[in-house]
Amino acid sequence: EPGLRTVWLLCAPTLTDVLPTIRSRCRHLSLHTPSTKAVAKLLIERDQINKELAEFAARTSQGHIGIAKHLATNQQSRDNRLATLKIPFTIKSIATAYKAAEILVNSAKAQAESDAENRNEGELANLKQAWGSTGSKMASRGAKAIKELEKEQKTRGTRMVRDYLDRGLLDLATLYRDILLIQFGSVDNLINQDIKNEITKIANSTTESKTLLKIQAILRARVNLMHSSAILLTMEALMLELKD
């Protein structure tokens, strides 16, 4: 039982994922993914994003407000997303599949390093200031604290690479989802409307069953990444499955 000053927040996909004995002792709050319209409205009103860009960011982020804002305010992020989406168009052979995997991994590493650089420097500066930049105190326990922080930052950097790769895989999944929609005759709810022509071309050159297999391959790769599989090998295996 929690103490008087303790509050536990339990997160689960559904109520049935929590044991009844625990569920009966909790207050239930259901959270829902915001609609594309709601996310776009927020970007327009809160962040002063123009309507067209806000709708694009809301649609491609699939209800993730943080990613939507990042896409709407960062041109480099939009460029990286588009480059990821165009990777399957370049895979025509085993050699190009390996190259595509390398490009995807290098892009994730570059984004992770860019995000981590300023954050890491700030953390180190604050820690050094807290321990004192000179003196015996810094030379003993302070040096150990800095080494531990640097180790933690390195671990976090590796995790960030996996996070960026996972985001890229989600973008690829939306690409094949759109291909599948077109193959079934629906063009009204495409996520990646900015590359509709390229998507239509692929949809007309393959079958629904092959598209489904590629979506499944992407989802398997996401699971493998979560289980700390070798990053480059995982991406190479996926790109080979995405090859025409």
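Computed from a predicted model, the values in this text were never measured in an experiment.
Using a cutoff of 4.0 Å between basic side-chain nitrogens and carboxylate oxygens, D194 and R78 are not scored as salt-bridged. Electrostatic pairing of E123 and R119 counts as a salt bridge here, judged by a charged N lying under 4.0 Å from a carboxylate O. Ion pairing of R167 with D171 is present here, as a side-chain N (NZ or NE/NH1/NH2) and a carboxylate O approach within less than 4.0 Å.
Transitive grouping of hydrophobic side chains (ILVMFWY, heavy atoms separated by less than 4.5 Å) keeps L172 and L233 in distinct clusters. Using a 4.5 Å cut-off between side-chain heavy atoms of Ile, Leu, Val, Met, Phe, Trp and Tyr, with links allowed through other members, L232 and L104 fall into the same hydrophobic cluster. Cluster membership for L225 and I67, using ILVMFWY side-chain heavy atoms within less than 4.5 angstrom, is not shared. A chain of hydrophobic side-chain contacts below 4.5 Å, direct or via other Ile, Leu, Val, Met, Phe, Trp or Tyr residues, connects L82 to I202. Both Y176 and F184 belong to a single network of hydrophobic side chains, linked directly or stepwise wherever heavy atoms of I, L, V, M, F, W or Y lie under 4.5 Å apart.
Using modelled atom types, no side-chain atom of N192 and backbone atom of I195 make a donor-acceptor pair closer than 3.5 Å. Of the possible donor and acceptor atoms, none in the side chain of S114 sits under 3.5 Å from a partner among the backbone N and O of A110. Formation of a donor-acceptor pair under 3.5 Å by the T84 side chain with backbone atoms of N80 is found in this model. One N or O on the side chain of N106 and one on the backbone of E102 form a donor-acceptor pair closer than 3.5 Å. Counting only distance, with no hydrogens or angles, the side chain of Q62 and the backbone of R59 share no donor-acceptor pair below 3.5 Å. D178 places no side-chain N or O within 3.5 Å of a backbone atom of L190 that could act as its donor or acceptor partner. Distance alone, capped at 3.5 Å, is enough to place a donor-acceptor pair between the T90 side chain and the I87 backbone. Judged by distance alone, the side chain of H64 and the main-chain N or O of G66 form a donor-acceptor pair under 3.5 Å. Looking only at distances, no side-chain donor or acceptor of R222 sits under 3.5 Å from a matching main-chain atom of L170. Of the possible donor and acceptor atoms, none in the side chain of D166 sits under 3.5 Å from a partner among the backbone N and O of R162.
At most 12 non-hydrogen atoms from other residues, nucleotides or ligands lie less than 6.0 angstrom from CD of E52. Counting non-hydrogen atoms of neighbouring residues, nucleotides and ligands closer than 6.0 angstrom, the CG atom of L124 exceeds 12 such neighbours. Annotation: E208, atom CD; neighbour count of heavy atoms from other residues, nucleotides and ligands within 6.0 Å is above 12.
Looking at every heavy atom in both residues, G157 comes nearest to A112 through O-CB, 4.2 Å. Taking every heavy atom of both residues into account, L10 and C26 meet most closely at CD1-SG, 3.9 Å. Summarising the geometry of W8 relative to T6, their closest heavy-atom pair is NE1-CG2, 3.3 Å, with the distance given to 0.1 Å. Residues A58 and A40 share a closest heavy-atom pair of CB-N, 3.6 Å. For V18 against A12, the heavy-atom pair with the smallest separation is CG2-CB, 3.8 Å. P34 and V39 make their closest contact through CB-CG2, 3.7 Å (heavy atoms, listed as atom of the first residue, atom of the second, distance).
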Any chance you could lay out the side-chain contact (heavy atoms from CB on, under 4.5 Å) test for R156 and D163, step after step, and finish with the verdict? CA-CA 10 Å; R156 184 175 64 201; D163 289 343; over 6 Å; no
Evaluate side-chain contact (heavy atoms from CB on, under 4.5 Å) for K69 paired with L42, printing each intermediate quantity in order. CA-CA 9 Å; K69 180 179 179 181; L42 178 67; over 6 Å; no
I would like to know whether L53 and L43 meet side-chain contact (heavy atoms from CB on, under 4.5 Å); could you show each step before the answer? CA-CA 9 Å; L53 183 55; L43 293 176; over 6 Å; no
Go through the steps for E198 and L85 under the test side-chain contact (heavy atoms from CB on, under 4.5 Å), then give the verdict. CA-CA 10 Å; E198 292 93 330; L85 289 175; over 6 Å; no
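Atom CE of M235 is separated from atom CG of L165 by 5.5 Å, given to the nearest 0.5 angstrom. A distance of 10.5 Å separates CG in L71 from CG in D79, rounded to the nearest 0.5 Å. To the nearest 0.5 Å, atoms CD1 (I65) and OG1 (T33) are separated by 10.0 Å. If you take CD1 on I179 and NZ on K201, they are separated by 12.5 Å, rounding to the nearest 0.5 Å. Once rounded to the nearest 0.5 Å, the distance linking CE of M239 with CD1 of I94 reads 14.5 Å. Here the straight-line distance linking atom OG of S107 with atom CZ of R81 works out to 13.0 Å at 0.5 Å rounding.
Counting heavy atoms from C-beta on, the side chains of E117 and E113 never come closer than 4.5 Å. Using a 4.5 Å cut-off on side-chain heavy atoms (C-beta onward), L175 and F89 make contact. I182 places a side-chain heavy atom less than 4.5 Å from the side chain of V187. Looking at L169 and L238, their side chains come closer than 4.5 Å, going by heavy atoms from C-beta outward. Looking at H28 and R23, their side chains come closer than 4.5 Å, going by heavy atoms from C-beta outward.
Checking each of K214, K210, R220 against E241 for a salt bridge (charged side-chain N to carboxylate O under 4.0 Å, His left out) leaves exactly one that passes, namely R220.
With no hydrogens or angles considered, a side-chain donor-acceptor pair links T14 and D17 at under 3.5 Å. The closest side-chain donor-acceptor pair between Q183 and T211 falls under 3.5 angstrom.
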